[in-house]
Protein chains: 2
Amino acid sequence: MSDHPLQSKSVENFLKAVYALQEGDDRVATNTLSDVLNKTAPSVTDMAQRLESAGLVDYQKYRGVVLTEAGREIALKVIRRHRLIELYLVRELGYQLHEVHGEAEDLEHAVSDRFVEAIAKKLGDPVIDPHGDPIPSADGTLLYRHLMPLSELEPGRGGVIAQLKTSDPEMLQHMLDRGFPLQGRVEVIARDPFQGPTMALVNGIQRVVGYHVAECILIETSP
Amino acid sequence: MSDHPLQSKSVENFLKAVYALQEGDDRVATNTLSDVLNKTAPSVTDMAQRLESAGLVDYQKYRGVVLTEAGREIALKVIRRHRLIELYLVRELGYQLHEVHGEAEDLEHAVSDRFVEAIAKKLGDPVIDPHGDPIPSADGTLLYRHLMPLSELEPGRGGVIAQLKTSDPEMLQHMLDRGFPLQGRVEVIARDPFQGPTMALVNGIQRVVGYHVAECILIETSP
DNA sequence: CGGTAGTGTTCGCTCATTCTAACATAAGAA
DNA sequence: TTCTTATGTTAGAATGAGCGAACACTACCG
Ligand SMILES: [Mn+2]
Ligand SMILES: [Mn+2]
Ligand SMILES: [Mn+2]
Ligand SMILES: [Mn+2]
């Protein structure tokens, strides 16, 4: 427990990464963060210690990190910014889907609350960003949906493409190239074994996509 | 002469400040920069030396600093960003005039070229920002206008309010409160001596404003 | 239980930014 | 011209952010 004001690009990115990796209550390993953030392990340990003493994470030597409530609040705020900015870029400034993540990754650390709420209002307080991720509300609430990876849908089952879960512009582009747009109606026809490709009908057209990509195409299933 | 990539908020703000203070060829004193940037003198000297060795300014011990061509290019680019952002905030996001400077001061360091050109296009490639400052074009050209401070206009003379030359939100608010909006048609009626107030007709209504504020209200004069 | 492979931390450095205190120079007054 | 004051620079230190090399734990295998 400390006071330190502590805020910066590095800190915000760190907290966001912890939030994203920390499913449930699991502690996040420093080396995992090292990979995700593209920083060396010593840098991550160092940041973990600084944020621990700032009260934003609970860090325990050799057993990783979890967000405190204060840390979680900041993470959600940054994620809200990120996703609203992405949507704004697509809707108001003509960005392509694959262009927005990089830009938002920087802008999220520079815009004021005033700015965020102005674009939120202009966009009509949206709840989903252009990749299909939920946008946290100003008070930190997230829309919950139970989504299944396309890679796990049995042949015969289907639904709507609800999320393209990647921030890699190349993969995103690939998904669209292969004919899997957000909101598309999809029905699985078949899947090869050994992590083979999935064949599916998307909006009535037959499409094929590899296993690892299909893992990142999330479906809101219908009976 | 060096290579260093060197780019950052501090550097960009420094170059912008030098640009603004450097009328003609005059060297800018480190202490002047110290005031404007709200940094101590040693910090400024230090930055001057680092930018000298990066080839962005010409710094001479005890005689201040001038931009090199490379430095000027960066300064103009940052100013373009700043002013386009200000205009965008007013036109598209409903900001008040006095709110935009602070926001732009941060955003100018975070937005990409892609972003700047997107908003420039959306705004119709404007040449004047919401304070009346000229917006440098992408290739660094500035609209030139010969403007006179209201404080120097003889009684009987007049013109159009072309620029409110302050970044202080309070002063800006004050100018508008006193009835001196951009584009207003103004005619000087009288002025008290000893740096006294100026009386003027603005859009037909009689107004009064103090000397120091009148110095910052720039007029495009008519015969 | 003991040993090793893999994980995670410390140590010691570097750079950018900023500050305070101490020192140096330049410019104008006498 | 010499002295004083105002202006400007160095010295020394701190903080945040990162890195590579060396060291320390854990966990799992036999
Ligand atoms: Mn994103
Ligand atoms: Mn970011
Ligand atoms: Mn401004
Ligand atoms: Mn700035």
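Side-chain atoms are counted along with the backbone in the values below, which use heavy atoms only and exclude waters and symmetry mates.
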Interatomic distance where CG belongs to B/Leu33 and C1' belongs to D/dT9 [whole Å]: 15 Å
B/Ser10 side-chain N/O to C/dT18 phosphate OP1/OP2 under 4.0 Å: yes
Separation of atom CG in A/Asp35 from atom P in C/dT7, rounded to whole Å: 10 Å
Atom pair distance, as rounded to whole Å: CD in A/Gln49 and P in D/dA17: 14 Å
Presence of A/Tyr62 side-chain N/O under 4.0 Å of D/dA27 phosphate oxygens OP1/OP2: no
Along DNA chain C (nearest heavy atom to each residue), the more 5'-positioned of B/Pro42 and B/Arg50: B/Arg50
Atom pair distance, as rounded to whole Å: NE2 in B/His109 and P in C/dT17: 12 Å
C/dT9 OP1/OP2 closer than 4.0 Å to side-chain N/O of A/Thr30: yes
A/Asp46 CG to D/dT15 P, straight-line distance once rounded to whole Å: 13 Å
Rounded interatomic separation in angstrom, taking NZ from B/Lys39 and P from C/dA16: 16 Å
For atom CZ of A/Arg63 and atom P of D/dT26, their distance in whole Å: 7 Å
Under-4.0 Å side-chain N/O to phosphate OP1/OP2 contact, A/Tyr59 with C/dT9: yes
Nearest-0.5 Å distance, CG of residue B/Leu67 to OH of residue B/Tyr19: 9.0 Å
B/Gln60 side chain near D/dG8 phosphate (N/O to OP1/OP2, under 4.0 Å): no
side-chain N/O B/Lys61 vs C/dA24 OP1/OP2, d < 4.0 Å: no
Short side-chain N/O contact to D/dG8 OP1/OP2 from B/Asn31, under 4.0 Å: yes
For A/Glu108, the option from A/Arg81, A/Lys16, A/Lys9 that meets salt bridge (Lys or Arg N to Asp or Glu O under 4.0 Å): A/Lys16
Nucleotide D/dA17, atom P - distance to CG of A/Leu15 in whole Å: 11 Å
Phosphate OP1/OP2 of C/dT20 contacted by B/Thr40 side-chain N/O (<4.0 Å): no
